[in-house]
Amino acid sequence: MLMTPSSSPQNLSILAELERKVLWLASWTIHHANHVRDSGDGLKVGGHQASCASLATIMTALYFHTLRPQDRVAVKPHASPNFHAIQYLLGRQTRDKLEAFRGFKGAQSYPSRTKDTDDVDFSTGSVGLGVAQSLFSSLAQDYVRSHGWGLARPEGRMIALLGDAELDEGNIFEAMLEGWKQGLRNCWWIVDYNRQSLDAVVREGLWERYQNLFRNFGWDVVLLKYGALQQAAFAEPGGDVLRCWIDNCSNQLYSALVFQGGAAWRKRLNDEIGDQGPVTALIERRSDDELARLMNNLGGHDLGSIMAAFDAVDHDRPVCFIAYTIKGYGLPFAGHKDNHAGLMTPAQMDTFRKSMNIRTGEEWSHFEGLEHSPAEIQAFLDRVPFSSAGARSLQAERIAVPEALAVTVQPRMSTQLGFGALLNELGRGDTAVAARVVTTSPDVTVSTSLGPWVNRRGLFAREALADTFKSERIPSTFNWEFSPKGQHIELGIAEMNLFSVLSALGLSHVINGERLLPIGTLYDPFIARGLDALNYACYQDARFILVATPSGITLAPEGGAHQSIAEPLIGLAQDGLAAFEPAFVDELAVILAFALDYIQRAGGAELYEQNWLRDETGGSVYLRLSTRPIDQIKRDMTPALRQAIVDGAYWLRAPGPNCQLVVAFTGAVAPEAIQAVGLMAEDRRDIGLLAITSADRLNAGWTAACRARERGLIHARSHIERLFAGLPRHCGIVTVLDGHPATLAWLGAINGHRVRPLGVEHFGQTGSIDELYRYYGIDANAIIAAAQVIAPGRPIRYLGAA
Ligand SMILES: Cc1ncc(C[n+]2csc(CCOP(=O)(O)OP(=O)(O)O)c2C)c(N)n1
Ligand SMILES: [Mg+2]
C-alpha cells in the first residue's frame, strides 16, 4: 500500500468521520425533501437512502482521497445525494440546492451535467449509459492526446460507480467489447456489489461471472470482499470456519441477517457453525453489536481496504473493482429486500440524528457531531487533491467554420453522395475545421459514403496498423490504415456504442479542453437501436453531427427491415438535436457548414427574432439523407436562400396571390412534388411549392413565436409564419415526405389551413422506388389525388397520369 498523506492514521480517522458525515447529509437531504419540505403534490419518493448508504464509504475514499482533478466520474443515479453531499463539504454545493433536492432548480435526483451546478462530470439516470460513457471518454482522451492536443494536462482516469444490477444492461457489454478492440486504458469501474436491485436480491455467484467476463476483455479485477475486521477475525482460531460460512452464505440470507442484526447473527452462526470450541469462542467474544459490526464489515465498507486497493493501481490497464456492500448500510432498513424505496420515518431519522450527535437545527452544519475540530477538518478538506485545481469543467476555443463548404454538384446525385463529396473536399484541405473533425461509424463507414474521407485522413488507433491489402499490392478502393493521427474511429456494429462515443467525443471541449467536431454515420432505421444513448448524449449536451443514411422506404430494394418511418418524428421531438432532411446537395452544403458551427455554440438563450429559435445556445444536429439520385437544381446560393435553408424552408415555387394549393415536401420525394405541381398547374391557380429542409426547426420556431405572442410580444413571427403570410385562408396544403405523415401535418395549425399529410405509415415491402412510392401513396399521383380533394375545383386532368 502506498502511504499517501491522507492514508496516515490521523487522516484515516478524519476520513472515517467524513464517511459518517456523507451518510448523514445524504440521508438528511432525502429526508428533508420528503418529510420537511412539502411540495404539496403528494409525491413522496425514497429510492435513494439505501443506495446512498451502500456507496458512502467508497465515495468518501474516492473523492476525499483517490481522485485527482483530471479524473472524471459517472456516479450511479441513486448515489446522487452522496455526490451532492461531498460537493457541499468541499464548498462546491450550496445548502439552498440541497434543501431543494428533487425540487424546482434544486440539486437533481440524478447527477446532471447541465442542471446541477456542482461540477457533475457525466450525467446519469438511465442505468448503464453513464458506465459506457466513462469507457468512451477514456477513448476520447486517448484520441485527443494522440493528436498532440492537451498534453500539458495530466491524463485522467475515467471512472464509473455502478450498481450490481446495472450490469444487466447490455450496452455495458457492448462497450466492453469495443473497449477491448480499441485498447482501453485509464478506466475504472467500481461495482457496488450489494446483491440487491430495485425489486429484490440478485442471483448467487454473479461476481464470479463478472470476474470472468472482465478478465476475458482484458480488465484487471479486484475483489473487495472482506473488511479489516473480518480479515482480523479470520486470523483468529476458528476464523477459517467463519470465512467459509460467509463464502457459502446465500445473498438472501446474508441480507436478511444484516437486517435482523446481532442477536440473529449469533443464533444463526451458533446453530450452523457453533462447535463449543474456537468458533463458538470467536462468536462469544463479541457483543451483539460487535458481531453485527463484524458481519457488516464487508470490503466496500472498509475505508482503509478501499483506499489501499485504489492506491495499489500503478498501471493504466482498465480495472473493475467488485466491492461487497450492504444496501442501506448503517440505516434501519439495511439489507431488507424492500429497501429500495425505503425512507426512514421521522422517528427513525430522529434516532439516527442522535446517534450522529447532531442537534436539532444543526442538520446542515458541516462539522456538527464530528470529533475532530472544525479547523482540523477544514484543513483536511482544503488539501483534498480532487478539488485543488478549482473548476474542473474546461473550455475550448471555437473553430471558425467557412460559410460555404466546397462541393462539386453533379447534375444528378443523392444527398448521401453529396455528403461523401463534401467530406472528401474537407479532407483534402489543410484547415482547422478538417483537423478537428473526427468521424465514426458502426461498421457502415463505406456504405454511408465516408470512404473517401477515410482514405484521406486514415483510421485512428493508438498504435499504427498497416493495411495488408495495400502492402500486398492487392487493388482496393479503400485504404484501411490505422495510426495515432487517423481521424476516423471505426466501431463494431453496436449502435449504442456509436451514440456513446459521439457523446464522449462531443464533450471533449469540457472534459479535455480540446474541441472536436464529431460526425457519426449510421443507417437511419438503426437510430432506434441506440435511441436511449442518443437521448442521453443530448441530455448531457454533448455536441456532434449525426448523419443517418439511407432512410425511409426510398432505399427500396434494400429491404423492408431497413426502412425507417418514425425517425423524422424523433428529429422533431428530440431535445437538443436540430434535425434536417435536405433534398438537394447545395442545401446539404449549407446545412453542414451551419452544423459545424452550431455544434460549437454555447451562447445565451435569447430568442433570435429571425426564426424564434435559440440558435446561440447551439446543440447537436441530425441529418437524414438518402441514397436516391435526383436531378439537382442549378442556382446561385444567395445569403437569403442560405438563411432560409437553415431556418427550415423556402419557396421553390412561390405561391401566387390566388393560391389554391400548396405542396410542401421534405427530402427525397422532391421529384414527385415537383412533378405533381407541374401536372396540376393548369387546373389549380397559383400553386406554391414549399421545400422544407427542417420540419424540426420550423416547428420549434413556430411554437416559440406562439409563446412569445402569448407573453405579449405581438410582433413575434417565426420563419414558417412569414412564409405563409400571403397565403389565402382557403388554400389547401398537401404535405409529403418519406416518413411518418405527422411530421408535417401540424402546418395546418399555423393559419387554420386544411392539410392532407402524405407519408409512410407501414413498412416492410421491397420493390423499386416507383413501386413503393405508389404502393404507400407518396408518388406524384397520390399528391394530385390529395390535392383534388383538399383544394376543390375542376377535375385535375392529369390525375392518374403520373
Ligand atoms: C434504463 C433504466 N431502467 C430502469 C431504471 C430504474 N432503476 C433505477 S435503479 C434500478 C436498479 C438498481 O439496482 P442496482 O444497480 O443494483 O443499484 P442499487 O439499487 O443496489 O443501489 C432500476 C431498475 C433506470 N434508472 N434506468
Ligand atoms: Mg444493487
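FYI, the numbering just counts along the sequence from 1. Indexing begins at 1, ligand by ligand and atom by atom, following the structure's order. Remember, it's a predicted structure, so these values are computed and weren't measured experimentally.
- When ring centroids are compared, Y110 and H78 come within the 6.0 Å threshold.
- Here W189 and F321 keep their ring centres 6.0 angstrom or further from each other.
- Checked by atom type, the side-chain pair Q93/D118 shows a donor-acceptor distance below 3.5 Å.
- Using modelled atom types and a 3.5 Å distance limit, the side chains of R624 and S564 yield a donor-acceptor pair.
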Give one line per pair: atom of ligand 1, protein atom, distance. Only N/O to N/O under 3.5 Å.
residue, atom, partner, partner atom, Å
ligand 1, 15 (O), E166, N, 3.2
ligand 1, 16 (O), D164, N, 3.4
ligand 1, 16 (O), D164, OD1, 2.6
ligand 1, 16 (O), A165, N, 3.0
ligand 1, 16 (O), Q196, O, 2.9
ligand 1, 17 (O), K76, NZ, 3.2
ligand 1, 19 (O), K327, NZ, 2.5
ligand 1, 19 (O), H340, ND1, 3.2
ligand 1, 20 (O), N194, OD1, 3.0
ligand 1, 20 (O), N194, ND2, 2.7
ligand 1, 20 (O), Q196, O, 2.9
ligand 1, 21 (O), S51, OG, 2.7
ligand 1, 21 (O), K76, NZ, 2.5
ligand 1, 25 (N), G125, O, 2.9
ligand 1, 26 (N), V127, N, 3.1

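- The aromatic ring centroids of H31 and F352 lie 6.0 Å or more from each other.
- Judged by distance alone, the side chains of T57 and E19 do bring a donor and an acceptor atom under 3.5 Å apart.
- The number of protein N, O or S atoms lying under 2.8 Å from the Mg ion (ligand 2) is 3.
- For F763 and H562, the distance between ring centers is not under 6.0 angstrom.
- With hydrogens and angles disregarded, a donor-acceptor distance shorter than 3.5 Å links the side chain of S123 to the backbone of R113.
- Checked against a 6.0 Å centroid threshold, the rings of W180 and F217 do not count as neighbours.
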